[in-house]
Amino acid sequence: MDGIKKRIENSIQIRLSMYLSVMICSVALIAGVFAFFSALDEVNELQDDMLRQIATLSERQNWAELTDAEKNKSTNDGIDEESRVFVQLLPMAAPGGGITAMPATSAILATTAKTSLPLPGSLQDGMQTFNTGQEIYRVLVHTLGTGKHLAVAQKMSVRDEIANNSALRTLMPFLILMPILLLMVANIVRSIFKPVASLSAEIDRRDEQALHPISCEALPREIRPFVAAINHLLMRVEQFMGAQRRFVADAAHELRSPLTALSLQAELLDNTDMSANAREHLQLLRQGIDRAKTMLAQLLTLARVQTTAVSSESGVSVQKIYRRVLEDMMPLADAKQLDIGVVGDEDATVMVNELDLIILIRNLVDNAIRYTPEGGRVDLSVASTETMITLTVEDNGPGIAVTDRKRVFDPFYRVLGNDQPGSGLGLAIVQAISTRVGAGVQLDFSNERPASGLRVSVTFAVR
Ligand SMILES: Nc1ncnc2c1ncn2[C@@H]1O[C@H](COP(=O)(O)OP(=O)(O)O)[C@@H](O)[C@H]1O
Ligand SMILES: [Mg+2]
């Protein structure tokens, strides 16, 4: 119950729909009650008028002079017994208030007992309600020219039924229109809030790198200030992240000079005489310096692809890039006796910065060589359709477990238990380049059973 209340309180859309619906229902209810009672009055008035007209007509027709059969026929011909209108002469009232039956009248009362009512002669001229003991009647008493009193009567229950039915019929349009109106309100409110729903869906779909401003064009004026505030925030976040990346790039850059100096000193030291033990330590020192240099180079590459805008995009042949990368990496692959090469001779041209593509492929091939055991296989291939070009680097190493596939793209993340030297930045660089050139990266096993080997697919949309 509390949950529903909270949902209502938190949602402008639900609240607006509810308020409008309650308003419509209230207005319809008031209008319905008003229409009902005025229709009821109207129909009662109409039925009173009908009694008056019958009285007038009866007088004109000399009704009192007709025979019983004619009277019956003239008033009740073809009429349902329940809804009949009684027309009869009243017995003459005695001066003391008793009833003196006039011969003609008593004859009527006697012979048409079924078709006439036991009305007393004391009824006054005009419209009135009279209870016979069994039924209540609406009676109009009218004094004829002859001095006799003519009564025109109709059952109250029948009148009420007719009046109620007519009045209820006036409610029909409200009953039919109300649900339609409520549906329309719900629909209109939903369509008014549609831009907000699609805006949140759009923001939700963005990845953390997409900090470009939200477009205000299709949005209602009322939401624009809110979106403008979000855009300001996005801008500040982007500036902040830019500053962070520049700091990393600057730090990496600044570290390069002392590292180069260190490496130079280690080289000089290598040329001097020293004990075997000291040389062993020097060797370890040089390896450490080399690793630091590689990591620094990777860090600089990551900072560059993250901070600088894409420059000079042109059509680049994938086969050409594969050849270049393989030439560079061949010594590493040979050292592990890997069967490495390009599968198929299909080529494709992708619109990218050439250096970006080289760095991307080199990092993937470097990983494949590094993490595939000696004597393994590494295959590079390219496949294209009308809309997509997919570059694939596949190996038969251990692959990456499904649970690690998201995290390996994080900078400095390395899967536990791997004994290869590395910075944890390779796949972060691949991801950053893919994002900036608009490509998608997917990791899969190259063999499903047993699940092993890594297949990295980089997909470019054909432009
Ligand atoms: N081809 C591969 N086969 C198996 N594991 C891989 C492969 N490529 C990457 N990985 C795993 O993903 C992690 C992250 O890779 P990367 O970002 O290139 O960093 P690094 O190679 O420097 O460790 C690696 O530490 C490794 O565990
Ligand atoms: Mg790597």
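Both ligands and their constituent atoms are indexed starting at 1 by order of listing.
- Atoms CZ and CG, from Arg190 and Leu16 in turn, are 13.0 Å apart once rounded to the nearest 0.5 Å.
- Atoms of ligand 1 found under 4.0 Å from any heavy atom of Gly422 (numbered from 1 in listed order, with element): 22 (O).
- The CG atom of Asn231 lies 5.5 Å from the SG atom of Cys216; values are rounded to the nearest 0.5 Å.
- Heavy-atom proximity to Asp395, at under 4.0 Å, picks out these atoms of ligand 1: 1 (N), 2 (C).
- Protein heavy atom nearest atom 9 (C) of ligand 1, with residue, atom name and distance: Asn367 ND2, 3.5 Å.
- Among all non-hydrogen protein atoms, the one lying nearest atom 10 (N) of ligand 1 is Ile400 CD1, 3.5 Å.
- If you check which protein heavy atom lies closest to atom 13 (C) of ligand 1, you get Val408 CG1, 3.9 Å.
- Under a 4.0 Å N-O distance rule, the pair Arg286/Asp290 does not qualify as a salt bridge.
- Of all protein heavy atoms, the one closest to atom 22 (O) of ligand 1 is Gly424 N, 2.8 Å.
- For the atom pair CD1 of Ile289 and CG of Leu285, the computed distance is 4.0 Å after rounding to the nearest 0.5 Å.
- Counting atoms of ligand 1 from 1 in the listed order, those under 4.0 Å from a heavy atom of Tyr413 are 14 (C).
- Using a 4.0 Å cut-off between charged side-chain N and carboxylate O, Asp379 and Arg377 make a salt bridge.
- Ion pairing of Lys155 with Asp160 is absent here, as no side-chain N (NZ or NE/NH1/NH2) approaches a carboxylate O to less than 4.0 Å.
- What sits closest to atom 16 (P) of ligand 1 on the protein, heavy atoms only, is Leu427 N, 3.6 Å.
- Of the protein's non-hydrogen atoms, the one nearest atom 3 (N) of ligand 1 is Tyr371 CB, 3.5 Å.
- Every atom of ligand 1 with a heavy atom of Ser423 under 4.0 Å away is listed here by number and element: 22 (O).
- Between Arg245 and Glu238 no salt bridge is recorded (no basic side-chain N to carboxylate O distance below 4.0 Å).
- A salt bridge is absent between Glu327 and Arg323; no separation between the charged side-chain nitrogens and carboxylate oxygens falls under 4.0 Å.
- Looking only at heavy atoms of the protein, atom 2 (C) of ligand 1 is closest to Leu454 CD2, 3.5 Å.
- Regarding atom 23 (O) of ligand 1, its nearest protein heavy-atom neighbour is Arg414 NE, 2.5 Å.
- Note on Asn367: counted as a metal contact of the Mg ion (ligand 2), an N/O/S atom lying under 2.8 Å.
- Taken from CD in Gln431 to CG in Leu302, the straight-line distance is 10.5 Å, to the nearest 0.5 Å.
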